[in-house]
Protein chains: 2
Amino acid sequence: MDEIKVIEIAKSLLNFKRDYVVKGIDDDGAVLKIGKKYIILTSDMMLRETHIPEILSAYEIGARILTANVSDLLAMGAEPLAFLLSLAVDRDEKFIYELYRGLSDYSKHYNCPIVGGDTVKGDLILSGFAIGITNKPLFREGKINDDIAVTNDIGRVYCSIYLYNLYKKGKISYKEFLNYAEKYKNIMEKLRKPVARMEILDVKEFLHGACDISDGLAKEIRYFKNFEIYGDKLLKSIPEDVLSFCDEFNLDPIKVALNSGEEFEILFTTDKLNKVKKHVKVNKIGKIIENGQYIDGKELKDIGYVHKW
Amino acid sequence: MDEIKVIEIAKSLLNFKRDYVVKGIDDDGAVLKIGKKYIILTSDMMLRETHIPEILSAYEIGARILTANVSDLLAMGAEPLAFLLSLAVDRDEKFIYELYRGLSDYSKHYNCPIVGGDTVKGDLILSGFAIGITNKPLFREGKINDDIAVTNDIGRVYCSIYLYNLYKKGKISYKEFLNYAEKYKNIMEKLRKPVARMEILDVKEFLHGACDISDGLAKEIRYFKNFEIYGDKLLKSIPEDVLSFCDEFNLDPIKVALNSGEEFEILFTTDKLNKVKKHVKVNKIGKIIENGQYIDGKELKDIGYVHKW
């Protein structure tokens, strides 16, 4: 089984709709039309075992669950309205205090009040729900010949997890891990303190479609159906420290960029890339084409991250 | 630590508000004012270990998470608009199919489309999020001299869990468990197939306040601050089979009614109980008073269910 099969089952069975449902199970978020506005609903779940590296502090974990959900709203072109956190926890008061402190600080940054949730006893799970509002929702789509671009840069999260796994699997000592973490500071920082790209709202009117990069570019870009990625352009979206890291650890930077998840960068399509560039730091990586899924003329094989069991 | 302390910490730190937030962390759901309408947001989480007796089928588990969330919306006086399910799961296709089949059937019953969620690999967790809409949200409040009443009846869920625990702890055999389950059919049925009280929306205009019974009457009624419960009235809200069960297992039916959780009945205040009674099956159990929390003139000691660790 994997999550793709689960979503298939869900889509086949959960077919009861009402007229205000613009978009159900199928995107970063659901879309309801309420009056003249569109309400966007997103949810994102993090389990200690699979989603939360031990090196994250409670503060960073709290910030992270909000970032993941706000990022989904932004990918739909929506302004955050409110957030709810359902929390399973069995930790002490200090941990919980720090977790909520992270949540609180980021709620101010995203202008997004935390309005509720549920609390139960259990191994750490954070299940977030966010609601946003927009005049024009963005879906995972683009027009033929649209540019495909990403905000900021990509690749750092893959490297940070790679490093963390070397340590977890006993291939480097904790001291070595700390030395590398110091050497590749910005790489570790992106894992610890990802930031949802609020600035995308400033250029929303120029975009044809968007999604956020949660499970790797190679998985997310497939939602846009037909595309070509240009390797040389993609390389330019990879920051210098990731290139050095790839050199040191013998990794292919293109593979790193394609499979780096939890980046919370926005992947989008536009025919007005120059206008977007005036407001937001972005890198073109490809184009929407008529038919096929390619990288430099060859079929894209990477698939990003899929939950399996 | 317990959930009450967690909620205290959350309330003290999560203080960032915006003007459309009518109610944050403090009720069955949060309330946002969008245009002239009130949007209600609720979340409810179920973990295999603590919330899902093994005897429930996948179908019943799917139905249950929706019922728990819709019940919170109804307690706020809101009509369900949509539901999202975040699911951690490591089961086979048949289990997942049945779970979504339960969800699908109940989504039709509650007129509530399922519009999204998140899927990850893990021990079974269901984290639900529902959005509703209303002209007049109901809070957990009442006026002095209001009647306090509950929909339908209470007590069965306590008995069903009691029976289940006798079996789980090896005090009765599985065969004995099945015999009792057959004898107390309606008691087991309430555990397996709880139904959120949609009919409460028909009498919403007559209510001053409401909440749903998730963690036992003794816990929920405290949200109304000052009240007196009348034991003789409360007894009348307990169905015959619960009285027989209490007799057979030497339980105090009043204690059972006070501590029976996950009933998904609505506890409410009104000064027009006769009008409510014309539309919905309800039982008066007490009154809102000026000061104090009493049952038959004595301080209420029971506290219902609180998550602790």
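Convention: sequence-line order gives letters A, B, ...; per-chain numbering from 1. Nothing here was measured: the structure is a model prediction, and the numbers come from that model.
Of all the listed residues (B:Ile96, B:Val21, B:Asp123), the one sharing the greatest number of non-hydrogen pairs under 4.5 Å with chain A is B:Ile96. By number of non-hydrogen pairs under 4.5 angstrom with chain A, the leading residue of B:Gly29, B:Ala82, B:Ser127 is B:Ser127. With chain B as partner, the option from A:Leu47, A:Asn111, A:Asp92 having the largest number of non-hydrogen pairs under 4.5 angstrom is A:Asn111. Comparing A:Leu99, A:Ile125, A:Val115 by heavy-atom pairs within less than 4.5 Å of chain B, the highest count is held by A:Val115. The most heavy-atom pairs under 4.5 Å with chain A, out of B:Gly24, B:Gly35, B:Ser86, come from B:Ser86.
To the nearest 0.5 Å, the span separating CG on B:Asp44 from CG on A:Asp118 amounts to 5.0 Å. Distance CD1/B:Ile131 to CD1/A:Ile39: 5.5 Å, rounded to 0.5 Å. The structure places NZ of A:Lys5 at 4.0 Å from CD of B:Glu93, a figure rounded to the nearest 0.5 Å. Here CG of A:Asp90 is found 11.0 Å from CE of B:Met1. Values are rounded to the nearest 0.5 Å. We find the CG-OG distance between A:Leu85 and B:Ser43 to be 8.0 Å, quoted to the nearest 0.5 Å. Atoms CD and NZ, on A:Glu49 and B:Lys121 in that order, are 7.5 Å from each other to the nearest 0.5 Å.
Between B:Val120 and A:His51, the closest side-chain pair of non-hydrogen atoms falls below 4.5 Å.
For B:Ile133, the part lying under 4.5 angstrom from a heavy atom of chain A is the side chain only. Interface remark: A:Val31 contributes no atoms to any contact with chain B (heavy atom separation under 4.5 Å). Interface remark: A:Leu103 contributes backbone and side-chain atoms alike to the contact with chain B (heavy atom separation under 4.5 Å). Interface residue A:Leu84: only side-chain heavy atoms are found under 4.5 Å from chain B. With a 4.5 angstrom heavy-atom cutoff, B:Val6 touches chain A via backbone and side-chain atoms both.
Put simply, the side chain of A:Trp309 never gets that close to the backbone of B:Gly122: no donor and acceptor are under 3.5 Å apart.
With a 6.0 Å radius and a threshold of 12 heavy atoms from other residues, nucleotides or ligands, A:Tyr97 has its OH atom at or below the threshold. By the 6.0 Å contact criterion, NZ on A:Lys225 is open, its count of non-hydrogen atoms from other residues, nucleotides or ligands being 12 or less.
In terms of heavy-atom proximity, A:Pro80 sits nearest to B:Tyr20 at O-OH, 4.1 Å. The shortest non-hydrogen separation linking B:Ala88 to A:Met45 is N-SD, 4.0 Å.
Of residues 7-17 of chain B, those residues with a non-hydrogen atom less than 4.5 Å from any non-hydrogen atom of chain A are, in numerical order, B:Ile7, B:Ile9, B:Ala10, B:Leu13, B:Leu14, B:Asn15, B:Phe16, B:Lys17.
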Step-by-step side-chain contact (heavy atoms from CB on, under 4.5 Å) determination, A:Asp2 to B:Thr119: CA-CA 9 Å; A:Asp2 61 39; B:Thr119 310; over 6 Å; no
